[in-house]
Amino acid sequence: MDFLEMMRQRRSCRSFDPAKSVSREDLLKIVEAGRLSPSGCNSQPWKFIVVDSPEAKEKLCDAIVVGNGMTGAPWRHQVPAFIIFVEQPAKVMPSVIEHYHDSQRFAPGDIGAACMNMCHEAFSLGLSTCMIGMNDQKKMEEYFGIPEGRTVRVVLAIGYAADDSPVNKVRKPLDEVCSFNFWE
């Protein structure tokens, strides 16, 4: 399948089959796709924590509920595995810091690229994914030993879709999101 066709078929999954586990071998292939991702100044500003034991998954399910009881993943208890993306201090060229006054300028985008590459690798393995943005940073630190000040940027849910029927993706038209040489 060519890449654009894969993009047309890949979707964010919000209904996982809890009876089907994800092998550690597949989880490591997915992490490898993230590890090989490009990053600004090759800083690789990430740490990936794979969560697949029942105890760790229960903690994670608690940590992706924020203080007022809101969560971006009400289906979280169905998910067989997760990967936590923790932003690490980036080592960038001095000119980047001089210009932006911020060594982390590219880190969120770099982590997003790594996450998307991991979603693509999971899809190529027949797995489904969903990026979860909400989390309780303090609980993440407490439950997973994440050093204070290291931000959890995203949590990736990974598993087999309970229903893998094709879905019609709704996207803005190309001419609405793209112009050449000038803003139109």
Side-chain angles (χ1 to χ4, degrees), residues 1-40 42 44-54 56-57 60-61 63-66 70-87 106-135 140 152-180 183-184:
M1 160 182 335
D2 78 2
F3 187 75
L4 285 177
E5 185 55 33
M6 182 175 81
M7 293 301 299
R8 286 182 189 97
Q9 290 185 25
R10 196 220 146 261
R11 63 186 172 111
S12 294
C13 179
R14 291 174 181 85
S15 181
F16 292 88
D17 184 343
K20 291 184 179 176
S21 63
V22 179
S23 73
R24 286 243 168 129
E25 179 183 352
D26 283 350
L27 289 168
L28 288 173
K29 286 178 183 176
I30 293 165
V31 170
E32 181 70 354
R35 187 183 74 85
L36 294 173
S37 297
S39 60
N42 196 30
Q44 303 169 60
W46 46 61
K47 171 80 174 179
F48 309 119
I49 302 172
V50 178
V51 177
D52 65 349
S53 78
K57 288 191 307 181
L60 184 67
C61 285
I64 57 178
V65 176
V66 294
M70 288 185 57
T71 182
W75 36 262
R76 64 195 177 280
H77 293 285
Q78 304 171 345
V79 180
F82 297 91
I83 299 175
I84 302 169
F85 291 67
V86 184
E87 184 177 319
F106 308 124
D110 294 342
I111 290 167
C115 188
M116 202 64 244
N117 283 349
M118 292 163 102
C119 289
H120 294 147
E121 177 61 14
F123 185 80
S124 79
L125 295 169
L127 294 159
S128 294
T129 55
C130 189
M131 295 178 225
I132 303 166
M134 291 180 124
N135 72 79
M140 288 293 210
V152 172
R153 288 291 173 197
V154 68
V155 174
L156 185 62
I158 304 168
Y160 292 91
D163 175 12
D164 59 0
S165 304
V167 210
N168 185 25
K169 281 192 171 186
V170 177
R171 295 292 185 265
K172 293 178 181 177
L174 188 59
D175 63 351
E176 188 178 325
V177 298
C178 177
S179 63
F180 284 86
W183 181 282
E184 291 181 28

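Because the structure is predicted, anything quoted here is derived from the model rather than measured.
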Inset, instruction - Look up atom CZ in R14 and atom CG in D163, then write down how far apart they are to the nearest 0.5 Å. - result: 14.0 Å

Inset, instruction - Would you please test F123 and Q9 for side-chain contact (heavy atoms from CB on, under 4.5 Å) and show each step? - result: CA-CA 9 Å; F123 185 80; Q9 290 185 25; 3.7 Å; yes

Legend entry - T129 side chain to R10 side chain, donor-acceptor N/O pair below 3.5 angstrom: yes

Show me the side-chain donor-acceptor pairs of residues 107-120 shorter than 3.5 Å, one per line, residues at least two apart or across chains.
from	atom 1	to	atom 2	distance (Å)
D110	OD1	G40	N	3.2
D110	OD2	G40	N	3.0
N117	ND2	S37	OG	2.8
H120	ND1	M116	O	3.3

Legend entry - Rounded distance [0.5 Å steps], CD in E121 versus CG in L27: 11.0 Å

Legend entry - Rounded distance (nearest 0.5 Å) linking atom CH2 of W75 with atom SG of C13: 7.5 Å

Inset, instruction - Check the pair L156 / I132 against side-chain contact (heavy atoms from CB on, under 4.5 Å), numbers first and verdict last. - result: CA-CA 6 Å; L156 185 62; I132 303 166; over 6 Å; no

Legend entry - Close side-chain approach of V66 to T71, heavy-atom, < 4.5 Å: no

Inset, instruction - Give the C-alpha distance, both sets of side-chain angles, the deciding distance and a yes or no for side-chain contact (heavy atoms from CB on, under 4.5 Å) between L60 and N135. - result: CA-CA 9 Å; L60 184 67; N135 72 79; over 6 Å; no

Inset, instruction - Answer whether the closest heavy-atom distance between the side chains of E32 and L28 falls below 4.5 Å. - result: no

Inset, instruction - Check whether any side-chain heavy atom of M134 lies under 4.5 Å from a side-chain heavy atom of I64, and answer yes or no. - result: no

Inset, instruction - Could you list all the side-chain hydrogen bond (donor to acceptor under 3.5 Å, both in side chains) pairs where at least one residue sits in residues 15-31, not counting sequence neighbours? - result: R24-D52

Identify every side-chain donor-acceptor pair in residues 76-84 under 3.5 Å, counting partners at least two apart or on other chains, and give the distances.
from	atom 1	to	atom 2	distance (Å)
R76	NE	C61	O	2.9
R76	NH1	A73	O	3.2
Q78	OE1	F16	N	2.8

Inset, instruction - Check whether any side-chain heavy atom of V155 lies under 4.5 Å from a side-chain heavy atom of F85, and answer yes or no. - result: no

Inset, instruction - Answer yes or no: is there a side-chain heavy-atom contact under 4.5 Å between K169 and R8? - result: no

Inset, instruction - Give a yes or no on this: more than 12 heavy atoms of other residues, nucleotides or ligands lie within 6.0 Å of atom NZ of K172. - result: no

Inset, instruction - For atom CE of M1, decide whether the heavy atoms of other residues, nucleotides or ligands shown that lie under 6.0 angstrom number more than 12. - result: yes

